[in-house]
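Everything on this sheet refers to the single structure shown next.
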Amino acid sequence: FDQQINGERDLALYPNPADAQINLHFGQRLGGEATIRILDSNGRVVSEQLVGGIRGKLLSLETSWMPVGMYVVEVENGAELIRERISIVH
């Protein structure tokens, strides 16, 4: 799912696997506001938020409340949809 343009990542998500939080670092190519969703292994949305001014931004999301398992992080800014898999371990 990793999206790259001219060798620059649109989204870096770390650490993976994660425990208490994940960090999303948005590339310079993404702009505007974006909806960030976390989906569980059954495709259900477990978290959703709207974030403005994402270009080059570093965002930390709390994950300590999430059960252990595999998830998909989606970032949608109207023009693009980026998906990254993440594993939560405690």
Side-chain angles (χ1 to χ4, degrees):
F1 291 128
D2 189 24
Q3 305 287 324
Q4 291 191 16
I5 299 294
N6 297 329
E8 180 183 332
R9 296 178 70 186
D10 288 338
L11 174 67
L13 191 147
Y14 58 91
N16 192 8
D19 180 11
Q21 75 174 26
I22 56 172
N23 299 299
L24 288 81
H25 188 204
F26 300 96
Q28 293 297 318
R29 210 174 64 78
L30 289 176
E33 59 182 27
T35 301
I36 300 169
R37 291 182 200 90
I38 301 177
L39 294 85
D40 66 14
S41 59
N42 294 314
R44 289 184 297 245
V45 175
V46 297
S47 175
E48 182 174 56
Q49 63 181 289
L50 184 63
V51 178
I54 64 170
R55 184 178 318 246
K57 187 173 195 166
L58 176 62
L59 177 68
S60 295
L61 299 177
E62 180 71 30
T63 57
S64 61
W65 60 272
M66 296 168 62
V68 169
M70 294 297 296
Y71 294 84
V72 172
V73 176
E74 289 186 346
V75 177
E76 184 175 12
N77 73 344
E80 296 183 69
L81 174 62
I82 300 171
R83 291 185 177 108
E84 293 274 346
R85 289 189 185 106
I86 191 154
S87 176
I88 301 297
V89 296
H90 299 296

Quiz prompt | Side-chain donor or acceptor of S60 paired with backbone N/O of N23 under 3.5 Å | solution = no
Quiz item: Are L61 and I38 close enough that some pair of their side-chain heavy atoms sits under 4.5 Å apart?
Solution: yes
Quiz prompt | Gap separating the CG atom of L11 from the CZ atom of F26, nearest 0.5 angstrom | solution = 6.0 Å
Self-check item: Approximate separation, where rounding is to 0.5 Å, of L39 CG and E74 CD
Solution: 5.0 Å
Quiz item: Looking at NE2 of H25 and CD1 of I54, how far apart are the two atoms once the value is rounded to the nearest 0.5 Å?
Solution: 11.0 Å
Quiz item: For I86 and A18, which heavy atoms make the closest approach, and how far apart are they?
Solution: CD1-CB, 4.1 Å
Practice problem: Identify the two heavy atoms, one from S87 and one from N16, that lie closest to each other, and give their separation to 0.1 Å. | Solution: N-OD1, 3.0 Å
Quiz item: Between L50 and E33, which heavy-atom pair has the shortest distance, and what is it?
Solution: CD2-OE2, 3.8 Å
Practice problem: Over all heavy atoms of both residues, which pair between P17 and V89 is shortest? Give the atoms and the distance, please. | Solution: CB-CG2, 4.0 Å
Quiz item: Nearest 0.5 Å, what's the CZ-CG distance between R85 and L13?
Solution: 13.0 Å
Quiz item: Any side-chain heavy-atom pair from I36 and L59 closer than 4.5 angstrom?
Solution: yes
Quiz item: What's the shortest heavy-atom distance between T63 and H90, and which atoms?
Solution: O-CE1, 3.6 Å
Exercise. Find out whether V75 and D10 are in side-chain contact, i.e. whether some heavy atom of one side chain is under 4.5 Å from a heavy atom of the other.
Key: no
Exercise. Say whether, by atom type as modelled, one donor and one acceptor occur between the side chain of N42 and the main chain of R44 under 3.5 angstrom.
Key: no
Exercise. Output the distance between atom CG (N77) and atom CZ (R55), rounded to the nearest 0.5 Å.
Key: 9.5 Å
Quiz item: Looking at V46 and W65, what are the two nearest heavy atoms and their distance?
Solution: O-CH2, 3.4 Å
Quiz item: What distance do K57 atom NZ and L24 atom CG have between them, rounded to the nearest 0.5 Å?
Solution: 11.0 Å
